[in-house]
Each structure stands twice: as structure tokens, then as C-alpha cells.
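Structure, as C-alpha cells:
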Amino acid sequence: MEEKKYVYLFKEGNGDMRDLLGGKGANLAEMTNIGIPVPMGFTVTTEACNKYYEDDEIICDEVVNQIYNKLEQLENETGKQFGGLENPLLVSVRSGARASMPGMMDTILNLGLNDDTVEVMAKKTSNPRFAYDSYRRFIQMFSDVVMGIDKKLFESIMDEKKNEKSVKLDTELNADDLKELVIKFKELYKKEINEDFPIEPKKQLIQSITAVFRSWNNPRAIVYRRLNDIPSSWGTAVNVQEMVFGNKGNTSGTGVGFTRNPATGENKIFAEYLMNAQGEDVVAGIRTPQPISKLKEDMPKIYEEFISIADTLEKHYKDMQDMEFTIEEGKLYFLQTRNGKRTAQAALKVAVDLVEEGMISKEEAVLKVDPKQLDTLLHPNFDNKEIEKSIPIASGLPASPGAACGKIYFTAETAKQAHEGRGEKVVLVRLETSPEDIEGMVAAEGILTVRGGMTSHAAVVARGMGTCCVAGCGEIRVNEEEKTLIANNVIYKEGDYISLDGSTGNVYEGEIKTVEPAISGYFETLMSWADSIRALKIRTNADTPKDTAQGIRFGAEGIGLCRTEHMFFAADRIMAVREMIVAKNEEERKKALNKILPIQRQDFIEIYEELKEKPATIRFLDPPLHEFLPSDEADIKELAEDLDITVADLKSTIQSLHEFNPMMGHRGCRLAVSYPEIAEMQARAVIEAAIDVKRRKGYDIVPEIMIPLVGEVKELKCIKDVVDKVAKEIIEKSDVKLQYLVGTMIEVPRAALTADRIAEEAEFFSFGTNDLTQMTFGFSRDDAGNFLKHYYDKRVYEFDPFQKLDQDGVGKLVEMAAKLGRESRSNLKVGICGEHGGDPSSVEFFHGVGLNYVSCSPFRVPVARLAAAQAQVKNPRK
Ligand code: PEP
Ligand code: MG
């Protein structure tokens, strides 16, 4: 049997092999093939990573041998030897998953150095300072990444040395200083690990590749995957690449760049670099880099070459590129390129511009914007009037737009606790962020860092998440230990409020009012393309005229779910609702319902007026009745007085309504089975409102009455009969013609299993995937959050099934029920109105199984419109 190939030289791969080589590996292969100056190397595949996990976290001999084999080829082609004393080959080892996960996994540079090769490097380059600087960096990285020794221990040895020499910068240490550091670093290694630092480069290499595989499952990578819908089964590839050095002196340097501005989308190259430095110095934000325009003055030829390659790459990939480059003694190399992460504003502008520049089609443009990112466009900015009155206390780089205010916290952990535990709005303040801070960054409204440029970790990650961020704010002083921020000579402590403007970089004291965002022309253009492409209709979940208007402004084509009970909680009607619940008999209940009727009818009138002729699905009362009852003593007393009954009497009624498991109790259609007069009142309100609006405005309204929580066709029939009786009576007496539909939610597994029977009565279906998920998993939708985290840790489940549809289980029910339903009623309209209606991957699934529409909350309507268009481009419906 032919051996499986686990390792590919860059030149053996190509850009289409993303799944196997990871994004970075596929791009390196592609760049190599199109003649970009890329240092040579090879990629260990994602399949090797999966095999590593299958083999109990050991890289098997077969893979090791293939690695050695490619290493030999690399030696031959570069004319260098790994661990050799003539011309030593040094390599970098980097992770590279199918989807880019910036900074989430590990990297090791300068691998191949040991006490012997470092001497050769020093002599060969006549630059001992460079050789020892590279060596001490390698020891530090290997110890931290591969062996888990805290890097702070190394930093403090370095700081001691700088103090001793009375210097501030690393670059001010000379070769002898660095040599001493190497000795001290190795002593530290031995003390921590009880072994000498490994001098055999092949051992270093296999240990490092192992560490990268292992980092696929580090906690921050797991969190990142969950946030970005990346399954753990993908695994990561590992790229081993010949090192080129940006820290070889003043004709060497390193940088990162975007072919367009990643914050605004402006079509202008945006790059930063540092001379005499390695990549980590730029990304970590320890030194502040120079803009690329400076390179034009210092090394004009290299600048021209850089611009020309950047242009080639953008044209080749037909997208804005994010590139890493190194200049080694006057020669330019590209270390990687990828489609750049960008703000939502930039994503829209770039997508629209690329179409206008003739580079891509509208369909391709629609695929270039992440639907989830649109959220950020729809979120608040500062109120202009307020901001004009406010004087900034400091100013940094406008790293990620939007406005944020909150209480300041100085560690990711405290920020997370404050947000999750106490529901506070928080601003995370750090000297600089690192990937360990991811959970604090997720919890934060805004992020403020003292150090780092526009391409620092904080800036890149915040932009990706759409979180407001001000980076590189050198004017403030932050003491993370003492938890203080000093700006303008004022001390701010943990818990004090500040406000950040991520679009200007300004920092303000206190809380500043925010306003809804204005949507740009690029948004409208791209969304109009999305609308012309998509097959799914998009409705909104809305219970009030205000929400309805908001949903329509965002492009909804109707209401997919109006939860009528939400109208019952208002102060002016809750009393009547309570009267209805505690009523002792039908007569009393009807009396209370008669009080609710006009209010409910008025709600529907206003909603119909807002919708004009757009459809509305109105769901009848769903939650358990006792949810409406008062629980504290004062409220109980007040209600008893109003009802003219004793407190004891009322309490005993409340007690009799108690249920052990209300979510599976007397709710949904079960209420109307017991008390048909509730359905009668609601049917009357819906039909009379429609007739009223039709008569006054001439709108052609076809009310869609939806019965919740049906599990058996006879339940539906029983309520439908009540609705039909009331509706027919009203319509006959009126002078208008009105059609209406009675349908059901599919949210109990039994309904899905018997959907063909149910469709004999139901004129439409709408999947209530919140309850359907709850009842299919048997997980309480209110409590599952408490224990699901253990499931994520153990990778039993990787996603919250209440946010992202469980396609294997719940999805199967949806697909089956839609099919069964249409077998009985071929023109059955089928939609979904659970939370999943606004989740892009779920929308793609609903498109795939042929639903007619999805319905989601107003702010997620644009997300669903775009996701639906993407689904159609990827998997066209005839
Ligand atoms: C559902 O269950 O998915 C649904 C939309 O209804 P609710 O969330 O109101 O139970
Ligand atoms: Mg429900």
C-alpha cells in the first residue's frame, strides 16, 4: 500500500489545498508557485495533526520519517545543513489552520541554534550580536512554547541585565551581554525542567511540531474556535520554513502590511515595519513601528519591490491581503500572505470597490463580508453633541471603530468576572494584550492599550470581533499590579468609568451617551446585491410597532413571529391578565379577557399599519400562566385588593398554579385547549384589527395565526376550530373580505415526527428551534449555559446548540418535518423563528433544506439577509 503523504514541500502544494495544508501552508505553496520570493520550507498536514491526536498525542514514526525526508530536501535546496557547522540551516515552526486564527496557537523561531551553530552564525555573518540575540530568543521561545516555562522569568533576567548596563532598549545590549543572557537562560531552563536545554536540532524540531499540534487545543484556541464556528476536527497544519533575519543589522528589518486600509477599506497600502528586528517585535507592540512611507526614503528599491509584490498578491487572490515580510541584508522576502481581517466598514468598502474595479463579481463580493461582522455597523457611536462637549483625557491609535464606555479593569480575568458575574459594562485596559487575554477582550465593550500599533494583537483581534479599541495610547500610564490608570495627572482606579472612541482614538473620562449608527452607502449597495441573489425570505421577530419599524428599516419582509404574551406585561394591562389567570370560572375569565381585547386589538392595528401589506405571523399565548403572577408580598396584597379577594385566597390560587417543570407544563396550545376563551379573544383581536386596517387603509392583509407547542394534530384542530368559528362570524358580519391562515409552530419533537398529519390542518409551519432544541436535547434553555461549559472543555459539544443549530440532531428533525409537511400540503409555507434565524451557519442550513424564510430579531435582519445570499452563492437553489 502506498504510504500516505503527511508532509509537502511548499513547491509541491497549491492554493486549493487549504483543508490539508492549512491557510498559511496553501498560501505559501501558491506564492512559491507564482514566483514571489518566499523562503523555502515544508508543511506538515492537518491530517498529521489529527493522526497525532488519534495516536494519543504522539507523532508516529511514519510522520517523523517524512519530516526528516523533507528536511533533507530542504537542506539540499538551500545548500545549508540542519545542525551543520558549515552553513547551518535555521527554521521557523508555525501553526496554520484552515481558517486563520491570529495569535491563538504557537510559533517558534530560530530553531536549529545550539552552542555550536551559534558560533558559526556569529562568524559567518561577522555579527556575533545578531547570532546571540537570535539564540537567546530561541531559548526563550522554545522554553515558553514547548516546555511551558513562564516567559516573564526570562524577561526579568533581561531587565536585570538592562538595569545593570543602565540601558533601556534590547538593541542597546551588545554581543557579550547576550552571550551572558544565553548562559543564564539555559541555567533557568535546567532549574525548571531538570534537564539540559536540547542541543540536537532534530529533537528541537519534533518537540516544536508537537507543541504546535498541542496548541490546537489550548484554551484560547478553543474559545476562538467557538466564537468563529471552527470545528476541532479540522486540526492545524505546521509550517517549517527557512529563517530569514530582519535583525541582522541596519539593512535588515521586518514588517506587516495590508494592501488596503483594514480599518476604513481605503485603497491605499497600509504597512508598518521595524528595522533590525524580528516579526514578534512588530506584532507584540513592544517597539512602535515606522509607516511604510519611511521605507521609500530609506530603501527606495525595496519599497518599489514591496509595492509591486503586494499588488501582484492582491490581484492574484482578488482580495485585500495581510502580508508579513522581512528584509535580510537588503533582500526582500515575503513570509506569508492571507486575506486580511478588517472592520465591517472596511469589509463593505473593499467588497464594493473590488466589484467596481472589475476584479470580482457581485456574487464573489457578497462572500467577502462576514455576516456576523455587520453587527458592528449596527451598534452605537457617541452622540455628537455629547462628544463635542467632552475633552479627551488622552489619545491613542483609532484601532477598531465604534464607541464604548464602561468600568475599567486591568486583567482579562477581572474584566470577564465583572461582565459575566455582575453584568457590568467593562473596558479592558492593558499595557498590551496577548492571546491569553481573549476572554477578557470578548467580555469588554472596549479595549485600551498603552503600547502597540495598528497591527498589534489588540488592534487585530478587536477589529475582527468588532469591538471598539484604542491602541498604542502612550500618553497614559498604566500600572497593572496597582490597578491604576493615570491620564492628565488624574488617577483612575479599577471600577471607574471611561469612554473610548475607536474611530478617533480619543479616551474620555466618565460615561458618554451613545447613538444608533448611520449606515453607509456601501452597506446599502452590498445589501441590495445580497437581496437580488438570495432565495430565502427574511422576516423579523417583533412584538411592538417600534420593533416592527426597526426590522423593516433593516430590510425585513414581514413579521415571522409576534409573541403576543410580550404585550401582556405592560403596566396598564398586567392587572387584567392577572384577573384572567386567577379567574375561578369561565365567566370570570371572559370578563377579564374582555378588558384585554381592546388593548390587544389596538396593538395589532398599529403593527398592521407599520407593516402595510407585509405578512405577519401572530402567535397565540405561549408561556405558563403563573409567569404573569406577582411573587412578592406587596404585589400579592395589591392584586388581592383589586380583585376583592383575601390574600390567603389569592395565595392558594397562586400555589395551585405551581408547576414542577413549567417549560414542559401548562403552556403553549395547552392553555387554549383548557381555556378556549383565550384563543377566542386573541382570534377576535387579530381579525378585527385586520378588518379595521383593511377598511381604513385599503391594505390587503392576510393574518397568519400561529398556534405554539403543538405535538398532536388533534390539539391543533381543537384550537383551529375555535379560531375559525370566531373569525368566520366576524368576517361574515363585516363588509370586507378577509382571508387568514392558521398554522403551527414545530417545536416539540412529536410535531416534527408527525408533521405529515399536522400539515393536514396547519396551513403553514414555523420551526421554533429554541424549544425544539430544548426538547430534542432535553436541556433546559434557561439553565444549559451553566453546564455546557464543561461540555466545551471536554469537547463533547463544541458549540452552544441554542445559538448555532445542531444540524445532526435538531436539523434532521427540521429537514424531515419540512419534507413530511409538504408531502401532505404541497404549497405549505415553512419558516423558522427561533434564535437560529439570525445565525449565519444555521441560515445556510435552512436554505439547504428548502425553507421559505427565516425570522430573527430586528438587528440581526441584515446578518440573515447576507447569510442567505451567501448560502445561495455556495449552494444555488433552482
Ligand atoms: C422557539 O421556541 O423557538 C420560539 C421561537 O418560541 P419561544 O422562544 O417564544 O419559545
Ligand atoms: Mg417556543
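Every number for a ligand or one of its atoms is a count from 1 in the order of the listing. In this chain, residues are counted from 1 in sequence order.
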>> I'd like to know if the side chain of Glu613 and the backbone of Asp700 have a donor-acceptor N/O pair within less than 3.5 Å.
In response: yes
> Between Ile719, Ile758, Val748, which is the residue that forms a side-chain contact (heavy atoms from CB on, under 4.5 Å) with Val710?
Replying inline: Ile758
> Any sub-3.5 Å donor-acceptor pair from Lys720's side-chain atoms to Glu761's backbone N or O?
Replying inline: yes
> Can you list the ligand 1 atoms lying under 4.0 Å from a non-hydrogen atom of Met745?
Replying inline: 4 (C), 5 (C), 6 (O)
>> Can a side-chain donor-acceptor contact be found between Thr548 and Glu610 if the only test is distance below 3.5 angstrom?
In response: no
> Does ligand 1 have any atom that is closer than 4.0 Å to a heavy atom of Arg619?
Replying inline: yes
> What atoms of ligand 1 come closer than 4.0 angstrom to any heavy atom of Asp622?
Replying inline: 10 (O)
> With atoms numbered from 1 as shown, which atoms in ligand 1 lie under 4.0 angstrom from a non-hydrogen atom of Arg563?
Replying inline: 4 (C), 5 (C), 6 (O), 7 (P), 8 (O), 9 (O)
> Going by the atom numbers of ligand 1, which of them fall below 4.0 Å from some non-hydrogen atom of Thr769?
Replying inline: 3 (O)
>> Looking only at N, O or S atoms, which one in Asp771 sits nearest to the Mg ion (ligand 2)?
In response: OD2
> Without hydrogens or angle criteria, can the side chains of Asp800 and Tyr791 be said to hold a donor-acceptor pair below 3.5 Å?
Replying inline: no
>> As a test of reading the structure, name the N/O/S atom of Glu747 that is nearest the Mg ion (ligand 2).
In response: OE1
>> Closer than 4.0 Å to some heavy atom of Cys833 - which atoms of ligand 1 meet that?
In response: 5 (C)
> Do the side chain of Glu747 and the main chain of Leu709 share a donor and acceptor less than 3.5 angstrom apart?
Replying inline: yes
>> Between Ile607 and Cys562, is the side chain to side chain contact (heavy atoms under 4.5 Å, CB included) condition met? List the steps.
In response: CA-CA 10 Å; Ile607 286 177; Cys562 172; 4.1 Å; yes
> When you check the side-chain N and O atoms of Glu835 and Gln803, is any donor under 3.5 Å from an acceptor?
Replying inline: no
> For ligand 1, which atoms sit closer than 4.0 Å to a heavy atom of Asp771?
Replying inline: 1 (C), 2 (O), 3 (O), 10 (O)
>> Under a 4.0 angstrom heavy-atom cut-off, which atoms of ligand 1 come close to Leu561?
In response: 5 (C)
> Quick one: nearest non-hydrogen protein atom to atom 3 (O) of ligand 1, plus distance?
Replying inline: Asn770 N, 2.7 Å
